[in-house]
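Please read the structure below before turning to the comments.
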Amino acid sequence: MTSRPSPSRIRPLFALNFFMADMQSGIGPFVGVFLQERGWASGLIGSAMTIGNVAGMLITTPIGGFIDASRNKRMWVVIPGICVVLASSIILISQNFWAVTLSQVAQSLASAAIVPAVTGITLGIAKQKGFNALNGRNQAFNHAGNMVGAALSGFLGYKFGYVAVFVLAAVFGAIAIACVMMIPAKAIDDRASRGCKEDDPDSAPDALTMLLKHRALLVLALALALFHLGNAAIVPLYGLAAVAEGQANGPSFVATTVVIAQGVMIVTSLIAMKAASKRNYWPVILVSFMFLPIRGVLAFFVTGWWGVVPMQVLDGIGTGLQTVAVPGMVARSLNGTGRINLGQGAVITVQGVGASLSPALGGWIAQWIGYGPTFLLLGGFGVASMALWLAFGTAVKKY
């Protein structure tokens, strides 16, 4: 196997990244407005989403370890696909609080497994030397899938209601399962997929405690946790604010926000790939943090359709940079340890603490003091991420 995989290996991988887009975000962006139209308050919506996010957060690191040890990497895409189908089915059957919470748990389990699984498959195919380029192209296809999925969701939701949105997510999950099964199992090098040194067949995987002592990895995880504590709630709350004020139709408004952001992410992910290949990932991630406080201020002053384009362009730039830079930095910093997927899971877990608390934090604060001040507060977490990233720059700049 070489760093330039054959088309028979990468075409199904690109298709997987396209259709797995709904496995990552799935029904999440539409759940808030779906429940709001059924009489749920913003605080209760945030609580249900937070419980689901916490469940995903707790399982992410163990899943990364399982993926490292597994000799069937494709199975760890099949399982999330099944979870997405279950999540979509449950919320359609019942809007009881615990039923909705269970659907969010299933969705979170899918999101927790799919990123380290596809990262491992990509490393197993391209190895470390070819990972940055192949991962950048993966993310471009992933964002394209998100954009197409969101556009279809908005159109189908407008025409047929939320049932069509959730059915579409289940269909994307089923197609993703078919795509990963088209990747030849022998095309995935198990040692390369977990980050063992290519020129050292005897290199043994380090223990989990190694992750806790890896300063660069901890700084990355904590900075991302602060960022997502603010970022995860902005788009759902922005949609709730617009729908609550009667400025937008629920499905079409949410779909438009996703389409704009994902369209920008396609271009941004390719730019991040080029930038990282010339230097390193540190400045790419720093720039990604800068856009959150700007979005918070913008959301404070502008709501509804007028603010959708600038809000989501900024989100697309920041998130698009991270989708390439974060897995790339983890893979580079843990190269040779045999624990790259465990490291991916650990970073996602700590990052997930912020993302898990964000909906509940934003939902309850918005219920108490209104949407405008909440957007400013959430944007302030981006400033905290930048401060931490700059303060510990010496530990992370070499990656």
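We number each residue from 1, following the sequence as shown. Values reported hereafter were calculated over all heavy atoms of this structure, with side chains retained and with hydrogens, waters and symmetry mates removed.
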Under a 4.5 Å cut-off applied to non-hydrogen side-chain atoms, are [X] and [Y] in contact?
X	Y	result
Phe18	Val148	yes
Met20	Val118	yes
Ile183	Lys73	no
Leu220	Val396	no
Thr119	Phe131	yes

Going by the angle between their ring planes, with limits at 30° and 60°, are Trp76 and Phe66 parallel, tilted or perpendicular?
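The rings of Trp76 and Phe66 lie parallel, inter-plane angle below 30°.
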Measure across [X] and [Y] and return the closest heavy-atom pair with its distance rounded to 0.1 Å.
X	Y	value
Ala106	Cys83	O-CB, 3.3 Å
Phe160	Ala164	CB-CB, 4.0 Å
Asn135	Pro327	ND2-CG, 3.8 Å
Gly316	Val264	C-CG1, 3.8 Å
Lys127	Asp189	CE-OD2, 3.7 Å
Ala170	Val85	O-CG2, 3.7 Å

What side-chain donor-acceptor pairs closer than 3.5 Å can you find for residues 287-296, not counting sequence neighbours?
from: Ser288; atom 1: OG; to: Ile285; atom 2: O; distance (Å): 2.6
from: Ser288; atom 1: OG; to: Gln322; atom 2: NE2; distance (Å): 3.1
from: Arg295; atom 1: NE; to: Met311; atom 2: O; distance (Å): 3.2
from: Arg295; atom 1: NH1; to: Asn231; atom 2: OD1; distance (Å): 2.6
from: Arg295; atom 1: NH1; to: Asp315; atom 2: OD1; distance (Å): 3.4

If Ile, Leu, Val, Met, Phe, Trp and Tyr residues are connected whenever their side-chain heavy atoms lie under 4.5 Å apart, and connections chain through other members, are [X] and [Y] in the same group?
X	Y	answer
Ile90	Ile51	no
Leu102	Ile82	no
Phe301	Phe375	yes
Val383	Leu378	no
Met181	Ile188	yes

Rounded to the nearest 0.5 Å, how far apart are [atom1] of [X] and [atom2] of [Y]?
X	Y	atom1	atom2	result
Leu134	Ile121	CG	CD1	11.0 Å
Ser70	Met75	OG	CE	4.5 Å
Ile79	Leu109	CD1	CG	10.0 Å
Leu16	Cys179	CG	SG	6.5 Å
Ile10	Asn17	CD1	CG	11.5 Å
Ser103	Trp98	OG	CH2	12.5 Å

Would you confirm whether [X], through its side chain, and [Y], through its main-chain N or O, come within 3.5 Å as a donor-acceptor pair?
X	Y	value
Ser333	Val330	yes
Thr268	Gly320	no
Thr101	Phe97	yes
Trp389	Trp282	yes
Arg215	Ala395	no

Does atom CZ of Arg137 have more than 12 heavy-atom neighbours, drawn from other residues, nucleotides or ligands, at distances under 6.0 Å?
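Result for CZ/Arg137: open.
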Under the side chain to side chain contact (heavy atoms under 4.5 Å, CB included) rule, what do Gln351 and Leu222 come out as? Steps first, then yes or no, please.
CA-CA 7 Å; Gln351 167 185 310; Leu222 291 173; over 6 Å; no
Can a donor-acceptor pair be found between the side chains of Asn142 and Thr323 at a distance below 3.5 Å?
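No, because no side-chain N or O of Asn142 sits under 3.5 Å from a partner of the opposite role on Thr323.
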As a quick check of understanding, evaluate side chain to side chain contact (heavy atoms under 4.5 Å, CB included) for Leu217 and Val347, giving each step before the final call.
CA-CA 7 Å; Leu217 211 62; Val347 170; 3.8 Å; yes
List the steps and the verdict of side chain to side chain contact (heavy atoms under 4.5 Å, CB included) for Val284 and Val324.
CA-CA 9 Å; Val284 177; Val324 172; over 6 Å; no
Step-by-step side chain to side chain contact (heavy atoms under 4.5 Å, CB included) determination, Ile177 to Val77
CA-CA 7 Å; Ile177 292 174; Val77 176; 5.7 Å; no
Tell me if the centroids of the rings in Phe14 and Phe141 come within less than 6.0 Å of each other.
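Aromatic pair counts; centres sit under 6.0 Å.
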Hey, could you give me each pair passing salt bridge (charged side-chain N to carboxylate O under 4.0 Å, His left out) that has a residue in residues 172-182? Not counting sequence neighbours.
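For residues 172-182, and leaving out neighbouring residues, there are no salt bridge (charged side-chain N to carboxylate O under 4.0 Å, His left out) pairs at all.
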